[in-house]
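Since the model is a prediction, treat every value here as computed from it, not as a measurement. Each chain gets a letter, A, B and so on, in the order its sequence line appears, and its residues count up from 1.
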Protein chains: 2
Amino acid sequence: MSQDEAGVDLNTSLGYLLKEASVALRSAMEEVLRPLGMTITHYSCLELLAQRPGLSNSELARGTFVTRQSMNVLLQSLERDGFVTRPAEAPVGKVLPTQLTASGRRSLEKATVAVRSVEERMLSGMSDAERAVAFVALSSMIHSLKDR
Amino acid sequence: MSQDEAGVDLNTSLGYLLKEASVALRSAMEEVLRPLGMTITHYSCLELLAQRPGLSNSELARGTFVTRQSMNVLLQSLERDGFVTRPAEAPVGKVLPTQLTASGRRSLEKATVAVRSVEERMLSGMSDAERAVAFVALSSMIHSLKDR
DNA sequence: TGACTCATGTCAGTAGTATGACATAGATTG
DNA sequence: CAATCTATGTCATACTACTGACATGAGTCA
C-alpha cells in the first residue's frame with residue numbers, strides 16, 4: 001500500500017498525520033453540509049450561538065478559528081438570510097450581541113444531525129480509553145503550540 | 001480558565017479539538033515560514049520532492065492535501081522562480097516528473113529547520129508512549145473517515 | 001482629567017485554494 | 001480491435017479567508 005511506499009519521515013511525522021486527519025474531517029463535514037447549503041464555519045457559528053447565545057462577532061470568530069473580519073462577513077449574510085439577529089446599536093461599547101432566530105435554530109438542527117454522524121464515524125473503532133488519550137494528546141499539542 | 005467556562009459539548013468534542021490543534025499547527029508553521037517567503041503548501045511540496053524525486057503534479061497534490069489544480073498553479077510559480085524543473089514534454093503519457101533544483105534544495109533546508117522546531121515544540125511535554133498512542137489514534141480517525 | 005493602550009466592528013484589497021470544464025494518454029473490457 | 005473508463009495536465013472562474021487599515025469605545029495610569 002501507499003503507506004509502505006511512503007518515506008519513513010512522512011509516516012513518523014505527527015504533524016503530517018494531524019494535517020491528514022483534519023483534512024479528512026473537513027472533507028467529510030463539507031460533504032454532509034453541502035446539501036444543506038452550509039459551510040463548516042457557517043455551521044460552527046450557529047452551533048456556538050446555540051450553546052452560548054449573545055456572543056459577539058469577535059468571540060464567535062475566536063470560537064470558530066477564523067478572523068473577526070471573516071466572521072463579520074459571514075454574520076452579515078446570516079443576518080440577511082434571517083438566521084441570526086443583532087441589535088442596530090450596541091447596548092454597551094461597540095459589542096453587538098448575536099442571537100439565533102427560530103429559522104436559524106431549525107437550520108442548525110438538520111446540520112447537527114449530519115455532523116454528529118461524521119464525528120461518530122470518525123470515532124468508530126476507538127475505545128473510550130483511546131478517545132481519552134487522544135483528547136489528552138491533542139490538548140497537550142495545542143497548549144505547547146499556543147504557549148507563545 | 002476558558003475550559004471551565006466553555007460548554008461541555010465543546011470540550012468533549014474530539015472533532016473540535018482536532019480542528020483547534022490543526023489551526024494551532026498551521027498558524028505556528030505559517031509564522032516561521034512567512035519570513036522565508038513560503039506558504040505551507042509551498043514548503044510541503046519541496047519537502048515531498050526532496051524525499052521522493054520525480055513526483056508528478058497530481059501525486060504532489062495528493063501528498064500535500066490540495067487539488068491538482070492548486071498544485072499546478074504552485075508548480076508553475078516554483079518553476080518560474082527556479083526551485084523546480086519539469087521536462088517540456090512528458091516521457092510517457094501526460095505525466096511530468098518534477099525535480100528539485102539546487103536552488104530549491106537550498107531554500108528547503110532553511111525551511112526544514114524552522115518547521116522542525118515547530119514540530120518539536122508541539123511534541124514537547126509528550127512522552128514517547130504518548131506520541132505513539134496519538135499516532136495510533138490519529139491513524140484510526142483518518143482510516144474511519146476515508147473509508148468512504 | 002488627559003494620554004495611552006487595547007479590543008471591537010467594519011471596509012477594502014489580496015492570496016490561496018476550490019470547482020467546473022476540456023483535451024488527451026493509458027488501462028480495461030467486451 | 002473498438003469502446004469505455006480512469007487519470008492526468010491545464011485553463012478559466014469563483015469563493016473563502018486573510019492582511020491591512022481606519023474609526024471608535026472602554027479600561028489603565030500618570
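Residue B:S58 is in sugar-phosphate contact alone, with no base atom involved, counting any heavy-atom pair closer than 4.0 Å across all strands shown. Looking at heavy-atom distances under 4.0 Å, A:L96 makes contact with sugar-phosphate atoms alone, never a base.
A donor-acceptor pair under 3.5 Å is absent between the side-chain atoms of B:T98 and the main chain of B:S56, judged by distance alone. In this structure a side-chain-to-backbone donor-acceptor pair under 3.5 Å is present from A:S139 to A:F135. Between the side chain of A:S144 and the backbone N or O of B:S124 there is at least one donor-acceptor pair closer than 3.5 Å.
Atoms CG (B:N57) and C1' (D:dT10) sit 9 Å apart, rounded to a whole Å. The distance from atom CZ of B:R68 to atom C1' of D:dC11 is 12 Å, rounded to the nearest whole Å. One interatomic measurement links the two molecules: CD1 of B:I40 to P of D:dC18, which rounds to 12 Å at whole-angstrom precision. Taking atom CD on B:E89 and atom C1' on D:dG9, their separation rounds to 14 Å, with Å as the unit. Atom P of nucleotide D:dC11 and atom CE of B:M71 are separated by 16 Å, given to the nearest angstrom. For A:L74 and C:dT10, the CG to P distance is 13 Å, given to the nearest whole Å. Protein atom CG of B:L55 is 11 Å distant from nucleotide atom P of D:dT8, rounded to whole Å. Atom CD of B:E59 and atom C1' of D:dG9 are 13 Å apart (whole Å).
For B:S70 and C:dA18, the shortest distance from a side-chain N or O to OP1 or OP2 is below 4.0 Å. Contact between the side-chain N/O atoms of A:T67 and the OP1/OP2 oxygens of D:dC18 is found at a separation under 4.0 Å. Between B:N72 and D:dT10 there is a side-chain polar atom (N or O) within less than 4.0 angstrom of OP1 or OP2. Remark: B:R26 is not in phosphate contact with D:dA17, judged by side-chain N or O atoms under 4.0 Å from OP1 or OP2. Look at B:T41 and you won't find any side-chain N or O under 4.0 angstrom from OP1 or OP2 of C:dG16. Within the 4.0 Å cut-off from OP1 or OP2 of C:dT8, at least one side-chain nitrogen or oxygen of A:R62 is found. OP1 or OP2 of C:dT19 lies within a sub-4.0 Å distance of a side-chain N or O belonging to A:R34.
Nearer the 5' end of DNA chain D, as judged by each residue's closest nucleotide, is the contact made by A:F65, out of A:K94 and A:F65. Mapping A:E30 and A:Q76 onto DNA chain C by nearest heavy atom places A:Q76 closer to the 5' end of the strand.
In this structure, B:R116 does not pair ionically with B:E120, as no charged nitrogen and carboxylate oxygen lie closer than 4.0 Å. Salt-bridge check for A:E30 with A:R26: passed, with a basic side-chain N closer than 4.0 Å to an acidic carboxylate O.
Distance from the side chain of B:V66 is smallest to C:dT17 among D:dG9, C:dT10, C:dT17.
B:V95 and B:L55 fall into different hydrophobic clusters, where Ile, Leu, Val, Met, Phe, Trp and Tyr are joined by side-chain heavy atoms under 4.5 Å apart, directly or via other members.
The base of D:dG9 does not come close enough to the side chain of B:Q69 for any donor and acceptor atom to sit less than 3.5 Å apart.
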